[in-house]
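Throughout, a chain's letter reflects where its sequence line sits, starting with A, and its residues are numbered from 1. Just so you know, these numbers use all the heavy atoms, side chains as well, and skip hydrogens, waters and symmetry mates.
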There are 2 protein chains.
Amino acid sequence: MGDQQEKDALFDALAEAAKALGNGRRAQLIDILGQGERSVDELAAEIHQSMANTSQHLQRLLRAGLACSRRSGTRIYYSLASPAVERLWRALRETAEAHSGELGDLVRAYVGDRDGLSMITRDELLLRLRQGDVVVLDVRPQPEYEAGHIPGALSVPFSDVKSRLREVPQGSEIVAYCRGPYCLYADEAVRLLTDEGRLATRLEEGFPEWKAAGLPIEHSAT
Amino acid sequence: MGDQQEKDALFDALAEAAKALGNGRRAQLIDILGQGERSVDELAAEIHQSMANTSQHLQRLLRAGLACSRRSGTRIYYSLASPAVERLWRALRETAEAHSGELGDLVRAYVGDRDGLSMITRDELLLRLRQGDVVVLDVRPQPEYEAGHIPGALSVPFSDVKSRLREVPQGSEIVAYCRGPYCLYADEAVRLLTDEGRLATRLEEGFPEWKAAGLPIEHSAT
DNA sequence: TTCTTATTTAAGTAGGTACTTGAATAAGAA
DNA sequence: TTCTTATTCAAGTACCTACTTAAATAAGAA
């Protein structure tokens, strides 16, 4: 007990979990899995990688204890191992953001200019929901909506917003949300709706943050 | 804006911070830096690595935005870049611990059996401090005590406990603390004191957790 | 049974990482 | 100035990682 070799082994094991997060593709997988469970082929499509490569990344997450999997017929569904993983991912983002400069530039390069974009916080949305004068739009892909969404939200995946405009109730303000701060679905939806003359706003954060705050969640009957 | 290449670059940058933590030696450095700033040679001695290798690890932490450094004469002192890093490190530990099994075994192998060890929580210690019937012992190395400690604590580094027994006031219960749950200094101090017939207890957590909880801290006049 | 689809495994390669050793800086002391 | 000490840099090597392609499983459908 207490010798250097064992100490090194302990810290190596802790570092294993960090290594699992230490790859851009796996970080994306964690971000997506934060929305709910997904199959390997869906995940491969999301991160634009081959099935083989995606499978290997997922198994790395499995081994590190960040993800878990279940088989259903011919498909295998992966999900985050515990809420602690969600906290770890958020802490990593906050740390990287505090290291001002580089990451900010990359976010700006990917996300573009959000200056003209109307945004509201979670607390504001809660208030408006109680008043009952907003329509909430979940613009993430359908499977993520089905795995869990803000109660009362309508599922209109980003790619369908334009064609399904008529389904969105008129008259009240629209609040769109997606995966989180690094997700553009809600941004684009708000821009599109605004162009159509609707009053639309983006929720600052995404579904995982809503869930992590302990707020109520609705699941689709399957 | 919004293309795959930029998205990959953004997540690669986030993964960079995780990669920096993804090495046992650097994880140890982060754990030690959580106690306060230290010079390169002190850190090299702590992790039992060469100066060159330690320096390279520290520069990796620097580049990733997890650490920062300042020069003072011929020495360069490294410290954590922000409290967010401390949160990240804690989240990583919690995640790894949730992945029951392997890590538990490694902790047990390094830490040994804590069953016979008397422990108190932070809240209990706060209560006892208010009652004024405890002596608090900081058994970490002197530089860590100087960089910040629990108010009123006496600095008796682990290696000196045996020879400096007389300095520890008799009559009241002793509470020893160190770096945190993976640190053995307080364990050993409590065993030693108990063998000498003193009433000694270990603080469950360490100094970084005390600091993170926003509790008061005392610094040595230098 | 054979066929199909989803996933994993195996093998190979280019590039990255963690150490080592020895030389180069950089600040202060003599 | 030279000497000393703390730190960094440079170059080399053994090992590890992220991807590729092609073959192997594994479950369900026909």
Side-chain angles (χ1 to χ4, degrees), chain A residues 4-5 7-9 11-30 32-33 37-64 66-79 143, chain B residues 4-5 7-9 11-30 32-33 37-64 66-79 143:
Chain A
Q4 190 61 28
Q5 214 180 325
K7 188 173 193 171
D8 286 356
F11 280 87
D12 283 347
L14 287 163
E16 237 4 83
K19 266 187 200 160
L21 258 177
N23 171 278
R25 253 37 65 217
R26 287 197 295 271
Q28 274 184 72
L29 288 171
I30 292 287
I32 297 163
L33 290 177
E37 63 171 21
R38 301 294 292 273
S39 66
V40 181
D41 65 346
E42 286 173 340
L43 291 166
E46 286 278 1
I47 66 169
H48 298 97
Q49 295 288 318
S50 67
M51 286 271 284
N53 194 26
T54 306
S55 171
Q56 277 163 189
H57 280 312
L58 288 167
Q59 281 171 74
R60 182 94 198 256
L61 294 174
L62 215 61
R63 256 181 288 131
L66 301 189
C68 53
S69 67
R70 69 175 182 91
R71 178 154 222 147
S72 168
T74 104
R75 284 201 157 77
I76 290 176
Y77 290 90
Y78 281 84
S79 53
Chain B
Q4 190 61 27
Q5 213 181 325
K7 188 173 193 173
D8 286 355
F11 279 87
D12 283 347
L14 288 163
E16 244 351 273
K19 266 187 201 159
L21 258 178
N23 170 277
R25 253 37 64 218
R26 286 197 294 271
Q28 275 184 71
L29 287 172
I30 292 287
I32 297 165
L33 291 177
E37 65 170 20
R38 301 294 291 274
S39 66
V40 182
D41 64 347
E42 285 173 341
L43 291 166
E46 286 278 0
I47 67 170
H48 298 97
Q49 296 288 319
S50 68
M51 287 271 285
N53 194 26
T54 305
S55 171
Q56 276 161 191
H57 279 311
L58 287 166
Q59 280 170 74
R60 181 92 199 259
L61 294 174
L62 214 63
R63 257 181 288 131
L66 301 189
C68 54
S69 68
R70 69 176 182 90
R71 178 155 222 146
S72 167
T74 103
R75 284 202 156 75
I76 291 176
Y77 289 90
Y78 281 85
S79 53

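A donor-acceptor distance shorter than 3.5 angstrom exists from the side chain of B:Arg71 to the backbone of B:Gly73, with no hydrogens or angles considered. Remark: side-chain polar atoms of B:Glu46 are not paired, donor with acceptor, to backbone N or O of B:Glu42 under 3.5 angstrom. The backbone N or O of A:Ala20 lies less than 3.5 Å from a partner atom in the side chain of A:Arg26, making a donor-acceptor pair.
The shortest side-chain heavy-atom distance between B:Asp8 and A:Gln28 falls under the 4.5 Å cut-off. In this structure, A:Asn53 and A:Gln56 have side chains that are in contact, with non-hydrogen atoms separated by less than 4.5 Å. With contacts defined as side-chain heavy-atom distances shorter than 4.5 Å, the pair A:Arg75/A:Asp41 qualifies.
One atom, CG of A:Leu29, and another, P of C:dT7, lie 13 Å apart when rounded to the nearest Å. The nearest whole Å value for the distance from the CZ atom in A:Arg70 to the C1' atom in C:dT7 is 15 Å.
Atom CZ of A:Arg25 is separated from atom NE2 of A:His57 by 7.0 Å, given to the nearest 0.5 angstrom. For the atom pair CD1 (A:Ile32) and CD (A:Glu37), the distance works out to 14.5 Å, reported to the nearest 0.5 Å. Once rounded to the nearest 0.5 Å, the distance linking CG of A:Leu29 with CG of A:Leu61 reads 6.0 Å.
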**Prompt:** In dot-bracket, 5' to 3', how would DNA chain C read with Watson-Crick or G-U wobble pairs under 3.5 Å, [ ] for crossing ones and | for pairs to another strand?
**Reply:** ||||||||||||||||||||||||||||||
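Shortest non-hydrogen contact noted between A:Tyr78 and A:Val40 is CE1-CG2, 3.6 Å.
Listed in residue order, the members of residues 11-27 of chain B having a heavy atom less than 4.0 Å from DNA chain C are B:Asn23, B:Arg25, B:Arg26.
Here A:His57 does not reach the OP1 or OP2 of D:dT17: none of its side-chain N or O atoms lies under 4.0 Å away. Phosphate proximity of D:dC19 to A:Asn53: present, with a side-chain N or O under 4.0 Å from OP1 or OP2.
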Mind listing the N/O atom pairs, protein and nucleotides 4-11 of chain D, below 3.5 Å?
from, atom 1, to, atom 2, distance (Å)
D:dA6, OP1, B:Arg75, NH2, 3.3
D:dA6, O4', B:Thr74, OG1, 3.1
D:dT7, OP1, B:Val40, N, 3.2
D:dT7, OP1, B:Ile76, N, 3.2
D:dT7, OP1, B:Ile76, O, 3.3
D:dT7, OP2, B:Asp41, N, 2.8
D:dT7, OP2, B:Asp41, OD1, 3.4
D:dT8, OP1, B:Tyr78, OH, 2.8
D:dT8, OP2, B:Ser55, OG, 2.6
D:dT8, O5', B:Ser55, OG, 3.4
D:dC9, OP2, B:Gln59, OE1, 2.5

**Request:** In sequence, state the C-alpha distance, the side-chain angles, and the governing distance for B:Lys19 and B:Arg60, and then conclude on side-chain contact (heavy atoms from CB on, under 4.5 Å).
**Result:** CA-CA 9 Å; B:Lys19 266 187 201 159; B:Arg60 181 92 199 259; 3.6 Å; yes
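Both A:Ser72 and A:Gln49 sit near DNA chain D, but only A:Gln49 has its closest nucleotide nearer the 5' end.
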